[in-house]
Structures are given as structure tokens and as C-alpha cells.
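This report concerns only the one structure given below.
Bear in mind that the values here come from a model prediction, so they are computed numbers and not experimental data.
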Amino acid sequence: MAKIKSIVLTDGDRAALVKGMRDGKTFSYRQRCEMILLKADSLPSRKVAKEVGCCEVVVNTWMKRYQEQGIAGLALRKGRGRRSILEKESDLEAIRRAVQKNRQKVSLARVELEAELGKEFSILTLKRFLKKTVAATNDCEG
């Protein structure tokens, strides 16, 4: 049998992990907090993985990251996922002009924007961008 790697948690660390497990924003963050708590109870990685619903390599990876970075290491890092096609900083003014010009036909605004910006995107992408921008503008005003 392999040696069970466990971690010793202080009361503050344990409290922070329990809070993260209960109140964490994402399921994956809550799951990682639970992994560390179970490992602190000297359970083998295989049992922790079975209980949490992943493989033992994942448990060991997050265990190592927790040991290196603490509870902050359990959160996802910035820069993950797909980059936005339309960016608020560079494309907002062009989008405003195109939408004001073609208020009734967003599809015409999209065609005009594709030519002006040199980017291809769907009408849904444009609608999502407009919705986010309006929501952000309303948050600033209210």
C-alpha cells in the first residue's frame, strides 16, 4: 500500500475550507475544498476521489496546489476559457454607431460591423454583447 499523504490544517484553515465548501461560488471550488478536508482526515486519495466523484490524480493535483498556494490556489485562475470576439474597450463605439444606424435590423448591423471590424461573429454574439453592455451601463447608473 502507498503511503497516505495527508495535510495538517490549523483551525483557521479548516474553517476557511468549510466556509468555501458551503458558500463557494462554483461547484468545482466547493468540491476542491471538500477534497482537502477529506485528505486532512487522512483518507487515501482513492477514497476521496470516489466520494467526490473524480479520479485520484485530480485529488493529488489539487492537494499539491493547496500545499503550495493555500486556499487561494483552489480557485480557477484568470485567462481560462475562450476569449471574447467583441471587446468592450476596442469595439464598443463601432457597435454603437452600427446599431444606431440599423436599429430595427440587428442583422444589418452585424454585416456592417463584420466589414468594419474585420471579425466574423453570429447575430447571437452581437445580441449577447449588447445585453451585457446594457446591463453594465445600467449597473453604473443605478
Side-chain angles (χ1 to χ4, degrees), residues 1-100 102-103 105-142:
M1 299 247 351
K3 182 181 175 209
I4 299 173
K5 291 184 180 178
S6 65
I7 188 169
V8 178
L9 297 174
T10 64
D11 291 337
D13 291 341
R14 186 174 288 278
L17 286 166
V18 168
K19 185 177 184 327
M21 189 176 80
R22 290 185 184 149
D23 303 332
K25 281 185 179 179
T26 62
F27 171 76
S28 56
Y29 181 76
R30 293 188 300 269
Q31 187 180 45
R32 292 177 202 134
C33 290
E34 184 179 8
M35 282 181 208
I36 303 303
L37 287 168
L38 291 171
K39 285 297 287 181
D41 294 337
S42 299
L43 288 176
S45 296
R46 185 172 289 150
K47 285 187 179 179
V48 172
K50 188 174 182 183
E51 179 144 345
V52 177
C54 63
C55 68
E56 62 185 287
V57 174
V58 172
V59 173
N60 292 330
T61 301
W62 286 109
M63 178 82 168
K64 182 179 176 187
R65 193 144 153 205
Y66 178 78
Q67 288 175 329
E68 293 170 356
Q69 301 174 15
I71 196 161
L74 299 180
L76 283 180
R77 297 179 185 153
K78 291 266 186 201
R80 299 197 35 123
R82 183 178 176 175
R83 303 276 184 249
S84 298
I85 296 172
L86 300 173
E87 297 177 16
K88 193 173 183 179
E89 297 81 28
S90 60
D91 301 331
L92 185 59
E93 287 306 314
I95 291 171
R96 278 191 179 151
R97 285 192 307 269
V99 169
Q100 284 176 350
N102 301 302
R103 269 191 186 281
K105 283 272 196 170
V106 178
S107 58
L108 292 176
R110 181 186 67 92
V111 171
E112 186 178 304
L113 283 167
E114 283 183 338
E116 184 179 341
L117 300 174
K119 300 176 182 180
E120 288 187 24
F121 51 89
S122 71
I123 197 162
L124 290 174
T125 301
L126 179 59
K127 286 181 179 180
R128 273 189 233 110
F129 179 82
L130 291 170
K131 189 174 182 180
K132 276 181 163 178
T133 306
V134 168
T137 305
N138 290 341
D139 289 344
C140 292
E141 291 175 0

> Can Ile71 and Ile36 be said to form a side-chain contact (heavy atoms from CB on, under 4.5 Å), step by step?
Replying inline: CA-CA 10 Å; Ile71 196 161; Ile36 303 303; over 6 Å; no
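For the atom pair CG of Leu113 and CG of Leu126, the computed distance is 6.0 Å after rounding to the nearest 0.5 Å. Going from atom CG of Leu9 over to atom NZ of Lys39 covers 12.0 Å, rounded to the nearest 0.5 Å. Distance check, rounded to the nearest 0.5 Å: CD of Glu34 to CZ of Phe27 gives 8.0 Å.
With sequence neighbours left out, the side chain to side chain contact (heavy atoms under 4.5 Å, CB included) criterion links Ser28 to Thr26, Arg32. Remark: Arg30 engages no residue in a salt bridge (charged side-chain N to carboxylate O under 4.0 Å, His left out) (not counting sequence neighbours). Legend: residues meeting side chain to side chain contact (heavy atoms under 4.5 Å, CB included) with Gln100, ordered by chain and number and at least two apart, are Arg103. Residues passing the salt bridge (charged side-chain N to carboxylate O under 4.0 Å, His left out) test with Glu93 are Arg96, sequence neighbours excluded. For Ser122, the side chain to side chain contact (heavy atoms under 4.5 Å, CB included) partners are Leu124, Thr125, not counting sequence neighbours. Considering only residues two or more places apart in sequence or on other chains, Arg128 meets the side chain to side chain donor-acceptor pair (under 3.5 Å) condition with none of them. By the side chain to side chain contact (heavy atoms under 4.5 Å, CB included) test, Leu108 pairs with Asn102, Lys105, sequence neighbours left out.
Within the structure, the salt bridge (Lys or Arg N to Asp or Glu O under 4.0 Å) test picks out the following pairs touching residues 111-126 (sequence neighbours left out): Asp91-Lys119, Arg97-Glu116, Lys101-Glu112, Arg110-Glu114. For residues 67-78, no residue pair satisfies the side-chain hydrogen bond (donor to acceptor under 3.5 Å, both in side chains) rule, not counting sequence neighbours. Sequence neighbours left out, the pairs with a member in residues 13-25 that pass side-chain hydrogen bond (donor to acceptor under 3.5 Å, both in side chains) are Thr10-Asp13.
Within the 4.5 Å cutoff, no side-chain heavy atoms of Phe129 are placed close to those of Ile85. Between Leu17 and Leu74, some side-chain heavy-atom pair lies under the 4.5 Å cut-off.
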Run the side-chain donor-acceptor check on residues 52-61: report pairs under 3.5 Å with partners two or more places apart or on a different chain.
residue	atom	partner	partner atom	Å
Glu56	OE2	Arg46	NE	3.4
Glu56	OE2	Arg46	NH2	3.4
Asn60	OD1	Ser45	OG	2.6
Asn60	ND2	Glu56	O	3.3
Thr61	OG1	Val57	O	2.8

